[in-house]
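Everything below concerns the one structure shown next.
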Amino acid sequence: MTGPSCRVCGRRLRSEKTRARGIGPICARRTRQTTPHIPTPTPDHHIPGQDELPLVHHQPTLWSL
């Protein structure tokens, strides 16, 4: 009887934790090391000294081209 296997390498998963995750501990370590974490920048909704300009629909004319 074959149990669940790792989605990355195909080895048999033994513990309940790895079965729930679907990936073995060695493959999980490898994928964690190869994917760098890039922090999400915080939105700058208000910058001191800058005003928000209203959005105005601009109809292009021959002179603006």
Side-chain angles (χ1 to χ4, degrees):
M1 178 177 132
T2 59
S5 58
C6 177
R7 292 182 301 198
V8 177
C9 67
R11 290 183 182 170
R12 188 172 65 92
L13 299 175
R14 297 178 186 165
S15 71
E16 289 297 321
K17 186 177 180 181
T18 57
R19 286 181 190 151
R21 190 172 45 200
I23 187 170
I26 295 171
C27 292
R29 238 179 280 131
R30 284 185 192 149
T31 56
R32 213 173 322 140
Q33 289 173 354
T34 57
T35 18
H37 173 66
I38 301 171
T40 306
T42 57
D44 296 329
H45 294 292
H46 177 71
I47 299 174
Q50 290 188 349
D51 294 327
E52 185 174 329
L53 296 174
L55 294 177
V56 180
H57 179 68
H58 175 69
Q59 181 67 34
T61 64
L62 183 58
W63 297 104
S64 66
L65 299 176

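What you are looking at is a predicted structure, and each value in this text was computed from that prediction instead of being measured.
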### Message
Strictly distance-based, threshold 3.5 Å: is any side-chain N or O of Arg19 a donor or acceptor partner for the main-chain N or O of Arg14?
### Response
yes
Please report, to 0.1 Å, the donor-acceptor pairs under 3.5 Å made by any side chain of residues 20-28, with sequence neighbours excluded.
residue: Arg21; atom: NE; partner: Ile23; partner atom: O; Å: 3.4

### Residues that Arg7 engages under salt bridge (charged side-chain N to carboxylate O under 4.0 Å, His left out), provided they are two or more places apart
none
